[in-house]
**Student:** 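Take this structure, written in structure tokens, and hold onto it; I'll ask about it next.
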Amino acid sequence: MTATQLPVAEGLFTWPPSASEPLRLIGSECTACGLVSFPAASDCVRCASDESKLRLLADRGTLWTYTTQNFRPPSPPYDGPETFEPYSVGYVELPGELLVEARLTEPAPEKLRIGQDMRLTLVPYAVRADGTEVMTFAFAPAEASAQADPVEEESS
């Protein structure tokens, strides 16, 4: 992380990144019925309780399904870069918690498979005019992230 990076939104994931603590999504758990939600919510959609607690979610999961985005989404609401590169999005099942819809780091569908182990990571979302890099979360194939960062993988 550099001084010119910011999260895409406060409260979605742990920030700033740290070498001592893994990146985690920030969800919530209803104290009445136990429903886990992401992003964090103060009211439960299952039982309507207004009592919840913040919960750090798993940083690994399984690819449940995916698709590839081959065209730039309409603006607004999309506010990413004008130059568009195709990317993949999918649902990643965090064991015992929930399905998270997220961007995937691997854009090639032939390199993805349902049931594949995935690992949470950060990716650039946009660069502001002043050079500030806006970061968002994504999931990477676990075997690809292990090859890219074997030291971190060994210490996990």
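Computed from a prediction, not measured in an experiment: that's the story for all the values here.
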**Student:** Of the non-hydrogen atoms in Arg72 and Ser75, which two are nearest, and what is the gap between them?
**Tutor:**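 Scanning both residues completely, I find the closest heavy atoms to be NH1-OG, 2.8 Å.
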**Student:** Can you check side chain to side chain donor-acceptor pair (under 3.5 Å) on Thr132 and Asp130, steps first, answer last?
**Tutor:** CA-CA 6 Å; Thr132 300; Asp130 66 0; 2.8 Å; yes
**Student:** If you take all heavy atoms of Leu12 and Pro39, which pair is closest and at what distance?
**Tutor:** CD2-CB, 3.8 Å
**Student:** Got a sec, which pairs hit ring-ring contact (aromatic ring centres under 6.0 Å, His included) with one end in residues 79-116, sequence neighbours left out?
**Tutor:** Phe84-Tyr87
**Student:** What's the spacing between Thr121 OG1 and Leu104 CG if we round to 0.5 Å?
**Tutor:**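 Taking OG1 in Thr121 and CG in Leu104, the distance rounds to 12.0 Å.
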**Student:** Sorted by first residue and then second, give each ring-ring contact (aromatic ring centres under 6.0 Å, His included) pair with at least one member in residues 17-45; sequence neighbours left out.
**Tutor:**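 For residues 17-45, and leaving out neighbouring residues, the ring-ring contact (aromatic ring centres under 6.0 Å, His included) pairs sorted by first residue read Phe38-Phe137.
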**Student:** Distance from Thr14 atom OG1 to Leu120 atom CG, nearest 0.5 Å?
**Tutor:** 7.5 Å
**Student:** Check step by step if side chain to side chain contact (heavy atoms under 4.5 Å, CB included) holds for Val100 and Leu98.
**Tutor:** CA-CA 6 Å; Val100 173; Leu98 73 165; 4.3 Å; yes
**Student:** Between Thr31 (side chain only) and Glu51 (backbone N and O only), is there a donor and an acceptor less than 3.5 Å apart?
**Tutor:** yes
**Student:** Do Trp15 and Tyr125 belong to the same hydrophobic cluster, where Ile, Leu, Val, Met, Phe, Trp and Tyr are linked whenever their side-chain heavy atoms lie under 4.5 Å apart, directly or via other members?
**Tutor:** yes
**Student:** Assess the residue pair Gln116 and Phe139 against the criterion (side chain to side chain contact (heavy atoms under 4.5 Å, CB included)); give the C-alpha distance rounded to whole Å, side-chain angles, the decisive distance to 0.1 Å, and a yes or no.
**Tutor:** CA-CA 11 Å; Gln116 187 171 18; Phe139 281 89; over 6 Å; no
**Student:** Leu54 and Ala40: which non-hydrogen atoms are nearest, and at how many Å?
**Tutor:** CD2-CB, 3.7 Å
**Student:** Nearest 0.5 Å, please: how far is OG1 in Thr68 from CG in Leu112?
**Tutor:** 7.0 Å
**Student:** Using every non-hydrogen atom in the two residues, find where Gly27 and Leu57 come nearest and quote the distance to one decimal.
**Tutor:**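 Scanning both residues completely, I find the closest heavy atoms to be N-CG, 4.0 Å.
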**Student:** Applying the 4.5 Å side-chain criterion to the ILVMFWY set and letting contacts propagate, would Leu23 and Val8 be lumped into a single cluster?
**Tutor:**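 In one cluster with Leu23: Val8, yes.
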**Student:** Just how far is it from atom CG of Leu63 to atom CG of Leu99, taken to the nearest 0.5 Å?
**Tutor:**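 Here the rounded value is 10.5 Å.
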**Student:** Distance-only, no hydrogens or angles: does the Ser49 side chain make a donor-acceptor pair with backbone N or O of Cys33 under 3.5 Å?
**Tutor:**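 Such a contact is absent between Ser49 side chain and Cys33 backbone.
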**Student:** By the salt bridge (charged side-chain N to carboxylate O under 4.0 Å, His left out) test, which pairs, at least two apart or in different chains, include something from residues 4-18?
**Tutor:**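 Sorted pair list comes back empty.
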**Student:** Using the side chain to side chain contact (heavy atoms under 4.5 Å, CB included) rule, take Gln5 and Leu122 through it: C-alpha gap first, then chi angles, then the decisive distance, then the call.
**Tutor:** CA-CA 11 Å; Gln5 289 183 327; Leu122 290 176; over 6 Å; no
**Student:** State, to 0.1 Å, how close Thr105 and Pro141 come at their nearest heavy-atom pair, and which atoms those are.
**Tutor:**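 That would be OG1-CD, 3.6 Å.
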**Student:** Just to verify, what does Arg113 make a salt bridge (Lys or Arg N to Asp or Glu O under 4.0 Å) with, not counting sequence neighbours?
**Tutor:** Glu143
**Student:** Using the test salt bridge (Lys or Arg N to Asp or Glu O under 4.0 Å), find all partners of Arg55 that sit at least two apart in sequence or belong to another chain.
**Tutor:**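 By the salt bridge (Lys or Arg N to Asp or Glu O under 4.0 Å) rule, Arg55 matches Glu29, Glu97.
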**Student:** I'd like to check Pro109 versus Thr67 (side-chain heavy atoms, cut-off strictly below 4.5 Å). Are they in contact?
**Tutor:** no
**Student:** Considering all heavy atoms of both residues, which atom of Gly11 and which atom of Ile26 are nearest to each other, and what is their separation?
**Tutor:**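 So the two residues come closest at O-CB, 3.5 Å.
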**Student:** Any donor-acceptor pair under 3.5 Å linking the side chain of Ser37 with the backbone of Ser28?
**Tutor:**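 Answer holds: no.
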**Student:** Side-chain contact test, heavy atoms from C-beta onward, threshold under 4.5 Å: evaluate it for Gln69 versus Ser88 and give yes or no.
**Tutor:**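 No; the side chains remain at least 4.5 Å from each other.
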**Student:** Quick one: does any side-chain atom of Arg60 pair with a main-chain N or O of Arg119 as donor and acceptor, under 3.5 Å?
**Tutor:**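 Such a contact is absent between Arg60 side chain and Arg119 backbone.
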**Student:** Scan for ring-ring contact (aromatic ring centres under 6.0 Å, His included) pairs involving residues 43-72, sequence neighbours excluded, and state none if there are none.
**Tutor:**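 Every pair satisfying ring-ring contact (aromatic ring centres under 6.0 Å, His included) with a residue in residues 43-72: there are none.
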**Student:** Quick check for you: to the nearest 0.5 Å, what is the distance between Thr62 atom OG1 and Ile114 atom CD1?
**Tutor:** 11.5 Å
